[in-house]
Amino acid sequence: MATRKINRKRIPRLFIENKLTTRTVNLNANQTHYLRQVLRLRSGDRLVLFNGLGDEKCAVIETLTRTGSKVQITGSAKAIPSSPLKLHLLQSIIKAEPMDLIIQKSVELGVESISPVLSNFSVIRLDENRKKRRLEHWQKISRSACEQSGRHCPPLINVPQTFSKALTAIPSNTTRIALHPSTSNTLQDLSHTFDQLTELHILIGPEGGLSPSELDEANATGFHILSLGPRTLRTETAAIAACTLAQFLWGDLSV
């Protein structure tokens with residue numbers, strides 16, 4: 001019996017901030033370096049350009065030099081549909097490397113927005129300049145995760161804010177959960193109450209967890225306090241696992 005040949009070469013995707021309304025697009029030195037040195041592309045190779053504004057285009061590299069490159073748009077590309085679940089992650093700020101991992105993986109898992117939260121037990125403190133630099137760094141990670149995963153629009157990443165401000169910014173009448181290992185209630189229990197969900201806010205504590213006062217505040221503002229099972233997870237593991245389970249229960253992940 002003949003076997004079907006599978007094309008395993010994935011066409012690379014590149015996020016750009018330009019409007020994709022012209023036949024040719026000029027790329028800057030940083031974008032060109034990424035094409036040349038990271039993706040190892042050459043003139044004549046194909047790629048997909050997207051800008052998160054509704055445009056996703058097939059393109060071919062015309063010229064590729066050290067200082068810049070030019071690509072020609074050849075047609076429109078079909079974007080992957082967004083998840084039916086609008087998933088919002090409220091992540092307490094943790095050390096740089098695991099925080100970067102959370103940003104990257106939650107974007108791949110289809111979160112709609114990420115709100116970095118300064119909580120009581122956070123070991124990282126940010127002044128205004130560091131907030132700006134970290135936000136720009138997280139946005140860069142987000143765009144790269146979109147390029148890799150096929151997402152069209154990078155999620156909104158909010159400026160780091162205090163715990164109370166992050167909670168009060170959540171729209172009323174939306175389902176919200178906070179993770180804490182002290183309870184036996186789980187996401188599966190919540191799925192029995194809410195067979196279908198279109199929007200969900202997930203609150204994750206820092207390395208030391210949420211403080212008692214923060215748990216009280218979350219509970220008072222309508223959060224369901226849940227756990228992910230009997231094991232105590234690192235905060236980055238909990239964030240990734242919670243987003244995965246939420247997308248499986250109410251979103252577009254399947255088995």
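Bear in mind that the values here come from a model prediction, so they are computed numbers and not experimental data.
Between K57 and S76 the shortest side-chain heavy-atom distance falls below 4.5 Å. The shortest distance between side-chain heavy atoms of R176 and I170 falls below 4.5 Å. The closest side-chain heavy-atom distance from P160 to V117 is not below 4.5 Å. The shortest distance between side-chain heavy atoms of C153 and S82 does not fall below 4.5 Å. In this structure, F223 and H180 have side chains that are not in contact, with every pair of non-hydrogen atoms separated by 4.5 Å or more.
A donor and an acceptor atom, one from each side chain of S83 and Q247, are located under 3.5 Å apart. One side chain, E217 or S164, offers a donor N or O that lies under 3.5 Å from an acceptor on the other.
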message: For E199 and E112: C-alpha separation, side-chain torsions, deciding distance, then whether side chain to side chain contact (heavy atoms under 4.5 Å, CB included) applies.
response: CA-CA 9 Å; E199 190 163 13; E112 187 89 359; over 6 Å; no
task: Show the numbers, then the answer: is there a side-chain hydrogen bond (donor to acceptor under 3.5 Å, both in side chains) between S213 and D216?
output: CA-CA 5 Å; S213 63; D216 289 341; over 6 Å; no
T235 and Q91: CA distance, side-chain angles, deciding distance, side chain to side chain contact (heavy atoms under 4.5 Å, CB included) verdict: CA-CA 9 Å; T235 184; Q91 174 62 53; 3.3 Å; yes
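Heavy atoms only, all atoms of each residue included: P206 and I93 are closest at CB-O, 4.2 Å. Minimum heavy-atom separation, C243 to L109: CB-CD1, 3.9 Å. Closest approach of L167 to A218, counting heavy atoms only: CD2-CA, 3.9 Å. Nearest heavy atoms, V48 versus A77: CG1-CB, 4.2 Å.
Under a 3.5 Å cut-off, the side chain of Q104 and the backbone N or O of L101 do not form any donor-acceptor pair. With hydrogens and angles ignored, the 3.5 Å screen pairs no side-chain donor or acceptor of R46 with any backbone N or O of C58. A donor-acceptor pair under 3.5 Å is absent between the side-chain atoms of S69 and the main chain of T32, judged by distance alone. With W250 contributing its side chain and L200 its backbone, the two residues share no donor-acceptor pair below 3.5 Å. In terms of modelled atom types and a separation under 3.5 Å, the side chain of T244 and the main chain of I240 share a donor-acceptor contact. The backbone N or O of V123 sits nowhere less than 3.5 Å from a side-chain atom of E207 that would complete a donor-acceptor pair. Within the 3.5 Å criterion, the main-chain N or O of V107 finds a donor-acceptor partner in the side chain of R151. Using modelled atom types, no side-chain atom of R125 and backbone atom of L118 make a donor-acceptor pair closer than 3.5 Å.
Note on I114: it clusters hydrophobically with I177, by side-chain heavy-atom contacts below 4.5 Å among ILVMFWY residues. Hydrophobic clustering (side-chain heavy atoms under 4.5 Å, transitive across Ile, Leu, Val, Met, Phe, Trp, Tyr) groups I157 together with L126. Under the 4.5 Å side-chain contact rule for hydrophobic residues, L41 and V25 share a cluster. Hydrophobic cluster membership differs between L210 and L228, with clusters built from Ile, Leu, Val, Met, Phe, Trp and Tyr side chains linked at under 4.5 angstrom. Under the 4.5 Å side-chain heavy-atom criterion for grouping Ile, Leu, Val, Met, Phe, Trp and Tyr, L14 is not connected to I141 through any hydrophobic cluster.
Tested against S92, the residues S119, S122, S115 include a single side-chain hydrogen bond (donor to acceptor under 3.5 Å, both in side chains) partner, S119. A side chain to side chain contact (heavy atoms under 4.5 Å, CB included) with V111 holds for exactly one of L87, I103, I102; it is L87.
Here the straight-line distance linking atom CG of N51 with atom CD of E56 works out to 9.0 Å at 0.5 Å rounding. For the atom pair L187 CG and I202 CD1, the distance stands at 6.5 Å (nearest 0.5 Å). Atoms CG and OG1, on L226 and T183 in that order, are 6.5 Å from each other to the nearest 0.5 Å. Note: I11 CD1 to L47 CG = 9.0 Å, rounded to the nearest 0.5 Å. I16 CD1 to L49 CG: the interatomic distance, rounded to the nearest 0.5 Å, is 4.5 Å. Atoms CG and CG, from L249 and L190 in turn, are 8.5 Å apart once rounded to the nearest 0.5 Å.
The number of heavy atoms from other shown groups lying within 6.0 Å of NZ (K70) does not exceed 12. Heavy atoms from other residues, nucleotides or ligands lying under 6.0 Å from CD of Q188 number 12 at most. Counting non-hydrogen atoms of neighbouring residues, nucleotides and ligands closer than 6.0 angstrom, the CZ atom of F248 reaches no more than 12 such neighbours. The 12-atom threshold is not exceeded at CD of Q196, counting heavy atoms of other residues, nucleotides or ligands nearer than 6.0 Å. Few gaps surround CG on D127; more than 12 heavy atoms of other groups in view lie less than 6.0 Å from it. With a 6.0 Å radius and a threshold of 12 heavy atoms from other residues, nucleotides or ligands, R66 has its CZ atom at or below the threshold. Counting heavy-atom neighbours within 6.0 Å of R231 CZ, excluding the residue itself, gives a total of 12 or less.
Between K131 and E128, at least one side-chain nitrogen of the basic residue sits less than 4.0 Å from a carboxylate oxygen of the acidic one, meeting the salt-bridge criterion.
Below 30°, between 30° and 60°, or above 60°: for F15 and F50 the angle between ring planes is above 60°, a perpendicular geometry.
Applying the salt bridge (charged side-chain N to carboxylate O under 4.0 Å, His left out) definition to pairs two or more places apart or across chains, those involving residues 83-105 are D100-R134, K105-E108.
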